[in-house]
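Here is the structure we will look at.
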Amino acid sequence: MLSGHDGRNLCVRLVRDVWVPVVNKDNVEAVNGKDLVTTIDVNMQDIVETELRRQILDKQASCGTAVVMDVKTGEIRAISNLTRYGNVVRDDINHAITMRCEPGSTFKLVSLMALLENSSFELTDSVDCSATGRYYYQVGRRRFLIADDHKVGKTTIQGMFEQSSNIGFVKMIDSAFHDKPERFTDFVNSLHIDQPINMQLTGGLKPIIKDPRRPKETAWDAISLIKMAYGYAVEITPMHTLMLYNAIANDGCMVAPRLVTAITEDGHVEEKFDVVTINDKLCSSRTLRLVRQALEGVVENGTGSLMKNPNYKVAGKTGTAQVAMQNRGYSDARGGRDYLATFVGYFPADEPRYSCIVAIKTYYGPGSRNTFYGASLAGPAFKAIADRVYALEADWHAPLTETEDQTVASVKGGDLHEIRTAASRLSVRTDADWLAEGWGRTQKDSTGIEVLPLEPEEGVMPAVTGMALKDALYLLESRGLRVHVSGRGKVVSQSIRAGSHISEGAAVTLTLRP
């Protein structure tokens, strides 16, 4: 749409490089490209790009994506896809729709929904997640180790989700779907996250969802179900994950991500793109209420506690997944592994307006010191993005209200002329003589500013507390003192007491505070 079409014109050469167009029936006029009205918010885009770039460079990660989406409309407000080449970061691959891999613990949202939707489980039901942090799943004579990063022990289903216990989800999903695993995969497909997402762009990859009814075609085996329970044996893109969490924020309605709202030409709208609903109801109202409660619990009490803040509530989930290395399994010859660290959620949790995902891929091998966990690698970038986006939205902040308390603005001491000017600009009453020259200190009373003129004496330390640094420096250095400064703001203390005898070259330390 943007490129238009090239034209073609028959020309005759007169001399050397002089060409003259000729009227001909085969001539074709060039067609200008049309304009696209995008959903991108420039301020949010700058925030997302900056924070993702900072985290990738700081942690020496391989690549990553960060997306902010409007909950109700699916409009992409910001999207950044970055790949690191040494110390250079480039935007050259759309990781949001092409980084198809096992998502890890962010997929536990699907497992939790399946448990709540297809059974009578409650979030308060008890689960034994093993006090050792290790559990062996038996298949015939073989045993498969399931491990948690930290020991969870006995807890509730909500606690299992908040602490992201692999063991807990394996036990619960196996008990609910062992006899009919197709019920679980059917639920996954019913969410409509099994189709490619192109966001009005080409190149979106289709997820890989295994199916027990097609074992050869989808590589289903005896442990596929338990691996899917905690986010393995299924491959989706970060945009699929965001779309799912956005639907939870949007009262269970899944909408398609959009980058373009209209096509225009010469200021006239040629075509409009409205909200596209993919799934108008993911689950029952009960399940939706419970999973939103669980997502808020992750931030309040669980692995996403870094996101907790006093200004607004965040709901979301951490995820840390090992990424398969083509045909070499999950590790290379050195024992190193690729990890996908993710944090995905929405905010404010009580009235969601934006959903956001940060997914960063990193390599961790022998001698590596950088983190690879979702909470510590993707989490800080998510928090920085959410905080800065929150700061942009004026209607989220409490309005300024008038108060009956008569608070007198503070005016620093210093030059008497500047004291009078500052007091006048701030509408603060002062008793300073408008004709007086020199220096003074200030002190507040209930109605205004009292000015105490300084009478400088040779060889005597002046009182500079309450002054701005520039004024204090001038007064002291003009008397030959060497000044050391600590802090910022106004002078609150001086190491040589006012009125003391001073000699040229003596050192004095000023302490400043706001």
Is the backbone N or O of [Y] less than 3.5 Å from a side-chain atom of [X], with the two atoms forming a donor-acceptor pair by type?
X: E102; Y: G231; result: no
X: Y245; Y: A315; result: no
X: Q60; Y: L57; result: yes
X: T50; Y: I47; result: no
X: H192; Y: I278; result: yes
X: N81; Y: A96; result: yes
X: Q138; Y: G140; result: yes
X: T98; Y: N94; result: yes

Distance to the ring centre below 6.0 angstrom and angle to the axis at most 45 degrees; does that hold for [X] and [Y]?
X: K171; Y: Y135; value: yes
X: R90; Y: Y85; value: yes
X: R143; Y: Y136; value: yes
X: K313; Y: Y346; value: no

Regarding [X] and [Y], do their side chains bring together a donor and an acceptor under 3.5 Å, going by distance alone?
X: Q158; Y: E162; answer: yes
X: S224; Y: D221; answer: yes
X: E117; Y: S284; answer: yes
X: E393; Y: Y354; answer: yes
X: H150; Y: T303; answer: no
X: K108; Y: N166; answer: yes

**D251 with R292: basic N within carboxylate O range, under 4.0 Å** =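 Here D251 pairs with R292 in a salt bridge, since their nearest N and O are under 4.0 Å apart.
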
**Request:** For the pair D266 and K34, find out whether any cationic side-chain nitrogen is under 4.0 Å from an anionic carboxylate oxygen.
**Result:**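 Between K34 and D266 there is no salt bridge, as every charged N stays at least 4.0 Å from the carboxylate O atoms.
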
**Item:** Results of side chain to side chain contact (heavy atoms under 4.5 Å, CB included) for F273 - residues two or more places apart only
**Value:**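 Here the qualifying residues are Q200, R258, V260, I263, E271.
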
**Request:** Would you please classify the geometry between the W396 ring and the Y390 ring as parallel, tilted or perpendicular, with 30° and 60° separating the classes?
**Result:**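 The arrangement is parallel - the two ring planes meet at less than 30°.
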
**Asked** When you look at H268 and D35, which way does the side chain to side chain contact (heavy atoms under 4.5 Å, CB included) test go after all the steps?
**Response** CA-CA 10 Å; H268 301 288; D35 297 323; over 6 Å; no

**Asked** Where is the tightest heavy-atom contact between N250 and V255, given as atom of each residue plus distance?
**Response**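 Scanning both residues completely, I find the closest heavy atoms to be ND2-CG1, 4.0 Å.
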
**Message:** For a ring pair (Phe, Tyr, Trp, His ring centres under 6.0 Å) check, start with the C-alpha distance between Y137 and F144, then their side-chain angles and the critical distance, and finish with the verdict.
**Reply:** CA-CA 5 Å; Y137 183 80; F144 297 90; 7.3 Å; no

